[in-house]
Amino acid sequence: MTSEQPRQSPGPPAQRPPAEPLRPPTPGSSSTDDKVSTAPAPAATVTFVDKAERRRGWLRKRPAPAAAPTAPAAAPAASAAAPATIPAQAAPPAREGKTQTAEGPQKTTKRPEPLPTERPPGTPPDPWHAFAATAERPPGWFRRTTRRFARSLIHEYALVTYLGVLMAVALTWPTLRYPLHTLPQDIWDPSRQAWQIAWIGHTLLTDPIHLWQSNAFFPLADSYAFGNSLLGYAPFGMIGEGPQAAVLRYNILFVLAHALLLIGGYALVRQLGAGRTGAAVAAVAFAFAPWRLAQEGHLDIISAGGIPLALAMLARGHGWSLRRGLRPDRRRPGWAAAGWIVASWQVSLGFSLGVPFLYVLGLLLVVIVLGTPIRFLRRPAERPILGSRLMLIDLSGASFLAAFSFLLAIPYFRVPDSGPAGTEIAFFSPPLRGLLIGPAESRIWGAPHQVPRSSLGWPAEMGLLPGFVLYALALAGLAFSIWTLRQRLLLLAALAVTIVLTLGTNFYEGRYSYLPLFGHLPASLGLRIPGRLMIWATLLLAILAAGAVAEFVRRAEHLSEQRIPPWPGPWLRLATFVPLMLVLVEGWNATAHPVAPAQPTAMRTVSGPMLVLPTGALADQTVMLWSTSRFQPMANGAGGFGAARQTELYGKVLSFPDAASVEYLRSINIKRVLLVRGESAGTPWERAGDIPVDALGIRREDADDGVVFHLDDKQTPSSPLPTPGLPTQPAQPTLPQPTQPALTTQPGVILDR
């Protein structure tokens with residue numbers, strides 16, 4: 001029998017009788033909680049028990065008990081007559097948490113009294129108390145910051161950023177092979193947009209008041225608003241000078257724009273509730289869809305990664321997920337504020353993608369405003385959807401975005417329109433079969449789709465294939481997905497609306513779809529190409545595909561856990577990456593990377609206002625890149641919305657140098673004309689550098705790689721009066737005037753933005 005007394009408060013140590021060796025009780029003995037009574041046992045038995053116990057290690061060897069003090073003679077007799085009683089306190093103290101038991105039918109246990117927690121009064125202080133009472137010193141701000149920074153380097157989104165940049169470099173190769181000399185797709189639009197980034201950085205550092213009065217299109221006003229502004233890339237434009245720096249800057253931003261597409265797509269789909277594999281498939285399908293390869297020459301269209309990234313931040317800030325719904329305990333107002341900032345940055349890159357994005361954000365705000373009271377009436381006991389802090393951030397963020405967009409759009413509304421909106425929208429509207437035709441820049445579908453692509457009116461904007469693998473995964477996601485049936489139907493409805501808008505006027509002439517939303521806006525906003533709305537259709541297809549891939553991964557992991565032994569597990573996990581590999585292969589590009597023309601030496605010395613020959617809608621884009629050394633005012637320019645004036649300029653200077661062209665150039669305050677000999681072969685100005693100009697009142701100066709005509713000289717040749725009796729000077733032969741090349745563009749249609 002084992003008994004245990006409750007613990008008592010510790011007290012000062014008392015004098016206890018010496019303990020005797022533990023002996024097994026005899027059959028006639030009794031045991032209580034306070035004492036154990038035993039009968040005397042023979043010495044041989046006791047010795048045998050002691051040896052056996054010590055041999056088993058059950059009982060420690062104890063020192064011999066001290067001799068009892070001398071007592072009167074009657075004491076031994078009394079002790080012999082009385083039964084032997086061993087107090088319970090006589091047992092030696094045992095270790096903490098252990099009890100002593102004796103072999104036999106009766107067992108005795110006694111938990112020792114705990115040691116006192118406080119020292120008795122009057123005792124000297126414990127020298128080790130200072131060490132035991134000292135608390136561990138918390139880490140300082142430097143150590144905490146270092147640890148937090150080290151953890152952030154291995155966070156999931158940090159790893160996604162590393163992989164996104166590496167994949168962008170690989171899938172845009174060879175963009176960074178010769179980043180100082182080549183441009184992706186062609187040398188026209190990339191040259192102009194490289195000039196835009198350089199100009200915005202230059203003017204913000206030198207003369208920010210005249211931001212919209214660029215050096216091109218002289219003397220037109222608001223000439224920087226003739227295309228998408230790319231204002232968000234201004235910090236990059238402040239680094240470096242000259243054409244080579246502009247080309248390098250453009251190539252780096254081109255690769256980073258693809259990386260941001262990957263990161264933003266992954267963040268959005270991950271926030272909606274998909275797994276890592278599903279989010280990776282959606283991100284790659286969104287960033288490298290085949291239709292996007294035809295837009296590689298337009299950095300403003302490639303720079304769409306801020307759209308999914310801003311939506312992901314706003315959803316995270318409001319604690320909302322497509323899979324788990326609204327969770328008020330997951331609200332993060334800081335992420336919501338970051339989402340509004342990223343949305344403003346995205347709008348600053350251009351209105352061709354910014355205006356549809358503003359429509360989507362406005363629709364989301366309407367849903368929140370209408371859904372908040374409805375949810376409160378249905379579930380009054382729950383926390384409010386929007387806290388006071390989050391509501392203030394949403395109100396401030398939306399107001400700032402609206403004000404910033406309005407101020408940014410003012411110069412675009414001052415730009416003269418290029419023609420009727422319906423005509424341009426109808427010209428660029430893709431047919432329904434364009435959703436199945438890949439662009440020429442696709443390595444997989446470029447050659448097989450050459451014949452159907454030739455039937456399109458404008459193949460670069462009408463070949464809108466997002467990928468057959470993406471179509472298949474999205475179709476599977478309608479029946480096999482982690483999203484609920486209701487969510488899948490909503491995604492399907494949104495996809496149908498987006499495709500209808502993408503078709504432009506090819507769906508009931510756009511009267512009920514595209515024209516009410518975008519037809520009334522000026523052409524300078526770049527909204528007259530409906531096919532660029534394919535970005536939203538691709539995003540919705542990617543979300544549906546992510547649901548199917550995530551469900552496949554979930555079932556594969558469940559199946560591998562049920563197998564015994566689990567040897568098929570690695571093979572099933574490897575099979576989950578097959579959709580990712582297929583999407584990567586379908587996004588493989590065959591984009592050309594031509595060498596940018598070298599800058600003429602005279603462009604670094606001639607001052608403006610000037611005109612560079614040869615000039616034209618394509619040649620002027622290279623001239624704009626050359627001007628990034630000094631940003632001289634020049635009449636050259638391309639980019640869309642000075643089309644009427646530029647067409648007049650091209651016609652007036654075709655015969656330069658002659659009296660009519662010189663007079664026209666002087667009327668628009670052009671002081672110098674630079675003829676680049678290396679670029680003039682095969683143009684109307686091939687022999688312009690050899691024609692005598694003395695009779696025109698201008699001065700010609702030969703440069704290393706060109707000819708400079710100075711129109712600001714005031715010398716005017718005086719015609720000699722006829723002297724009687726002397727023959728007059730024969731008239732100068734009239735040179736044949738070059739004919740103006742026929743324009744192949746439809747009236748009112750802008751070739752590039």
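- Of the possible donor and acceptor atoms, one in the side chain of His449 sits under 3.5 Å from a partner among the backbone N and O of Gly438.
- A donor-acceptor contact closer than 3.5 angstrom is absent between the side chains of Tyr233 and Ser348.
- Looking at Arg389, its side chain never comes within 3.5 Å of a backbone N or O of Pro333 through a donor-acceptor pair.
- Within 6.0 Å of OH on Tyr508 lie no more than 12 heavy atoms contributed by other residues, nucleotides or ligands.
- Checked against salt bridge (Lys or Arg N to Asp or Glu O under 4.0 Å), Arg270 has the following partners two or more places apart in sequence or in another chain: Glu156.
- Considering CG of Leu272 and CD of Gln487, their distance stands at 9.0 Å, rounded to 0.5 Å.
- Dense packing is recorded around OH of Tyr471, with more than 12 heavy atoms of other residues, nucleotides or ligands lying under 6.0 Å away.
- Because its NZ or CZ atom is not both nearer than 6.0 Å to the ring centre of Tyr514 and within 45° of the ring axis, Arg528 does not count as a cation-pi partner of that residue.
- Between Leu527 and Phe351 the shortest side-chain heavy-atom distance does not fall below 4.5 Å.
- Within the 4.5 Å cutoff, side-chain heavy atoms of Trp536 are placed close to those of Ile307.
- Between the side chain of Tyr162 and the backbone N or O of Tyr157 there is no donor-acceptor pair closer than 3.5 Å.
- Separating the CD1 atom in Ile393 from the NE2 atom in His318 is a distance of 8.5 Å, to the nearest 0.5 Å.
- Within the 4.5 Å cutoff, no side-chain heavy atoms of Pro308 are placed close to those of Tyr266.
- Between Ile154 and Ala158, the shortest heavy-atom contact is N-CB, 4.5 Å.
- Judged by distance alone, with hydrogens and angles left aside, the side-chain atoms of Arg554 form no donor-acceptor pair with the main-chain N or O of Ile482 at under 3.5 Å.
- Side chains of His298 and Asn228: no donor on one and acceptor on the other come within 3.5 Å.
- The aromatic ring centroids of Phe427 and Trp458 lie less than 6.0 Å from each other.
- Atoms CD and CD1, on Glu424 and Ile529 in that order, are 8.5 Å from each other to the nearest 0.5 Å.
- Between the side chain of Ser481 and the backbone N or O of Leu478, no donor-acceptor pair lies under 3.5 Å.
- Looking at Leu501 and Pro530, their side chains never come closer than 4.5 Å, going by heavy atoms from C-beta outward.
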(message) If you apply the rule side-chain contact (heavy atoms from CB on, under 4.5 Å), what do you find for Leu262 with Leu163, and how did you get there?
(response) CA-CA 9 Å; Leu262 283 167; Leu163 293 176; over 6 Å; no
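- Neither side chain, Asn589 nor Trp173, offers a donor N or O lying under 3.5 Å from an acceptor on the other.
- Across all their heavy atoms, Ala279 and Val269 have their closest contact at CA-CG1, 3.9 Å.
- Cation-pi contact between Arg443 and Trp588: present, with separation from the ring centre below 6.0 Å and deviation from the ring axis of at most 45°.
- The side-chain heavy atoms of Arg433 and Ser455, taken from C-beta on, include a pair separated by under 4.5 Å.
- Atom CH2 of Trp335 sits in a sparse spot, with 12 or fewer heavy atoms from other residues, nucleotides or ligands closer than 6.0 Å.
- A heavy-atom distance below 4.5 Å is not found between the side chains of Pro430 and Glu461.
- Here the two rings, on Trp445 and Phe468, have centers that are under 6.0 Å apart.
- Taking each heavy atom of Ala257 and Leu299 in turn, the nearest pair found is CB-CD1, 4.3 Å.
- Two residues are said to be in side-chain contact when any heavy atoms from C-beta on lie closer than 4.5 Å; Leu309 and Leu260 meet this criterion.
- In this structure, Arg327 places its CZ atom where more than 12 heavy-atom neighbours from other residues, nucleotides or ligands lie under 6.0 Å away.
- Distance check: Ile499 CD1 to Leu533 CG gives 11.5 Å after rounding to the nearest 0.5 Å.
- Taking the six-membered ring where tryptophan is involved, the planes of His258 and Phe254 are perpendicular, since the angle between them exceeds 60° and thus also 30°.
- The shortest non-hydrogen separation linking Arg488 to Gly477 is CD-O, 3.0 Å.
- Side chain of Gln271 to backbone of Leu311: no donor-acceptor contact under 3.5 angstrom is found.
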(message) Please determine whether side-chain contact (heavy atoms from CB on, under 4.5 Å) holds for the pair Leu464 and Ile437, giving the CA-CA distance in whole Å, both sets of side-chain angles, and the decisive distance to 0.1 Å.
(response) CA-CA 6 Å; Leu464 302 178; Ile437 299 176; over 6 Å; no
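- The shortest non-hydrogen separation linking Leu495 to Ala537 is CD1-O, 3.7 Å.
- With hydrogens and angles left out, the side-chain atoms of Gln295 and Gln185 include no donor and acceptor closer than 3.5 Å.
- Taking each heavy atom of Leu353 and Ala304 in turn, the nearest pair found is CD1-CB, 3.8 Å.
- With rounding to the nearest 0.5 Å, the separation of CZ in Phe288 from CG in Leu470 is 14.5 Å.
- Judged by distance alone, the side chain of Gln346 and the main-chain N or O of Ile341 form no donor-acceptor pair under 3.5 Å.
- Taking the side chain as every heavy atom from C-beta outward, Ser429 and Asn506 approach each other to under 4.5 Å.
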(message) Applying side-chain contact (heavy atoms from CB on, under 4.5 Å) to Arg292 and Leu261, what does each step give before you reach the verdict?
(response) CA-CA 11 Å; Arg292 197 186 296 279; Leu261 284 169; 4.0 Å; yes
(message) Arg249 vs Ile197, test: side-chain contact (heavy atoms from CB on, under 4.5 Å). Steps then yes/no.
(response) CA-CA 8 Å; Arg249 186 187 304 118; Ile197 301 171; 3.6 Å; yes
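- Residues passing the salt bridge (Lys or Arg N to Asp or Glu O under 4.0 Å) test with Arg555 are Glu551, sequence neighbours excluded.
- A donor-acceptor pair shorter than 3.5 Å cannot be found between the side chains of Ser442 and Trp291.
- For the atom pair CG (Leu349) and CD1 (Ile302), the distance works out to 12.5 Å, reported to the nearest 0.5 Å.
- Between Phe518 and Tyr359, the gap from one ring centroid to the other is short of 6.0 Å.
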